[in-house]
Structure formats: structure tokens, C-alpha cells
Amino acid sequence: MKIAVCPGSFDPVTLGHMDIIRRAADIFDRVIVVVMTNTNKNAMFTTEERVDFLKRSTSRLYNVEVDSYGGLLADYTKQKKADVIVKGLRAMSDFEYEFQMALTNRKLNPDTETTFFTTTTEHMYLSSSLVKQVAKLGGDITGFVPDCIINDIQNKVKGLNEDSLT
Ligand code: PNS
């Protein structure tokens with residue numbers, strides 16, 4: 001049984017992430033999507049919200065499960081005896097950072113290989129930050145994120161906007 005881990009901050013999950021998760025699920029026997037902390041980013045959604053969004057978005061993918069972990073990815077992949085880490089690559093601008101992370105993760109856990117799936121051209125421009133920006137400014141996020149989480153994102157943004165006015 002080949003186990004893949006798809007790590008990310010998923011703040012929130014986008015259709016670009018979904019494309020990578022689906023393609024990983026076609027190749028590997030078991031895919032664990034894990035919500036992690038990226039210390040370079042401030043999350044808008046709580047870990048619970050991000051896990052819930054992912055669980056609902058992947059509910060039809062029988063070999064995909066969703067988890068969260070607050071520690072190192074290398075420790076998580078060791079614990080899960082994962083064969084590979086799957087990450088999406090959108091552009092060359094992603095590469096340097098991803099390459100650095102892949103080498104660090106290999107040093108920390110040589111038993112798990114990092115693999116990169118190239119994004120489809122359709123999702124090349126898409127990012128969670130872009131989704132948040134569009135939503136914050138009242139734009140339509142249809143076609144950016146799974147339909148089942150659109151309302152949740154809009155409600156969260158509405159709540160945050162109201163809080164900032166009080
Ligand atoms: O979706 P992102 O923000 O690009 O994902 C980055 C993430 C969360 C996978 C990365 O920051 C990570 O692995 N965080 C866990 C802590 C860790 O292992 N850091 C060292 C990575 S070399």
C-alpha cells in the first residue's frame with residue numbers, strides 16, 4: 001500500500017488544491033491531506049474550519065482522509081509511514097522555496113520522498129491568498145474554491161469586516 005501525504009495550510013482549500021488531491025488519489029492507495037502551520041503566514045481560518053472545508057470537499061474521494069498536525073512535516077510523515085509527500089507546483093516562483101523544503105524534509109526523514117505535481121494551466125493563477133482578497137472585497141469566488149464552502153468563506157469575511165468596524 002502506497003501512502004501519500006498532501007500537506008499545506010489550505011487557508012482555504014482552492015480548486016487548485018483539489019486538482020492535486022484528486023490526481024494523487026488516482027495514483028496512491030491512501031492519501032492523507034494534512035492541515036499544517038506555515039510560520040510565514042497568518043491564517044484567516046482556524047485549523048478546525050480548514051479541516052472541515054477539506055473534509056466536505058473530499059467526501060466523495062474514498063481513499064482520501066483529512067487530518068491536522070502542529071509539528072514538523074517530517075515527523076508526521078514518519079509517524080504515518082508515508083512513501084511520498086505530494087505538493088503542487090504552479091510556477092518557477094514556487095520552485096526555490098519548495099526545493100528548500102523538500103531538501104530539509106529529506107534530511108529530517110530520508111524515508112519519505114517529495115514529489116511535485118505540475119498544476120493544470122486552468123489553476124496556475126489560483127492561490128488561497130487571492131481567494132481571500134477577492135472575498136474580502138466582495139468579489140465572486142465561484143470557480144476558485146469548491147462550491148460547498150463558498151458560503152462559509154463569505155460568512156467568515158462578513159464577520160471579520162463587521163468586527164473591524166466595531
Ligand atoms: O500551503 P503552504 O503554506 O505552502 O504549505 C506549507 C507547509 C504548511 C506544508 C509548510 O510550511 C510545512 O511543512 N509546515 C510544517 C512545519 C515544518 O515541517 N516546517 C519545516 C518545513 S521544511
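Remember, it's 1-based here, ligands and their atoms both numbered in the order they're listed. Note that this is a predicted model, so its numbers are computed, not measured.
- Counting all heavy atoms, side chain and backbone alike, Asp67 lies closest to Ile32 at CB-CG2, 4.2 Å.
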One line per pair, note the atom names and distance for all nitrogen or oxygen contacts under 3.5 Å between ligand 1 and the protein.
{"unit_1": "ligand 1", "atom_1": "1 (O)", "unit_2": "Ser9", "atom_2": "N", "d": "3.0"}
{"unit_1": "ligand 1", "atom_1": "1 (O)", "unit_2": "Ser9", "atom_2": "OG", "d": "3.2"}
{"unit_1": "ligand 1", "atom_1": "3 (O)", "unit_2": "Ser9", "atom_2": "OG", "d": "2.5"}
{"unit_1": "ligand 1", "atom_1": "3 (O)", "unit_2": "Asn38", "atom_2": "ND2", "d": "2.8"}
{"unit_1": "ligand 1", "atom_1": "3 (O)", "unit_2": "Lys41", "atom_2": "NZ", "d": "2.7"}
{"unit_1": "ligand 1", "atom_1": "14 (N)", "unit_2": "Thr37", "atom_2": "O", "d": "3.1"}
{"unit_1": "ligand 1", "atom_1": "18 (O)", "unit_2": "Leu73", "atom_2": "N", "d": "2.8"}

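- We find the CG-CE distance between Leu54 and Met18 to be 8.0 Å, quoted to the nearest 0.5 Å.
- A salt bridge links Arg56 with Asp152; the closest basic N to acidic carboxylate O contact falls under 4.0 Å.
- The environment of Glu122 atom CD is sparse: at most 12 non-hydrogen atoms of other residues, nucleotides or ligands sit within 6.0 angstrom.
- In the hydrophobic clustering of this structure, Val145 groups with Phe45; members are Ile, Leu, Val, Met, Phe, Trp, Tyr whose side-chain heavy atoms approach within less than 4.5 Å, directly or through other members.
- The aromatic rings of Phe144 and Tyr125 sit perpendicular to each other, their planes meeting at more than 60°, with 30° as the lower class boundary.
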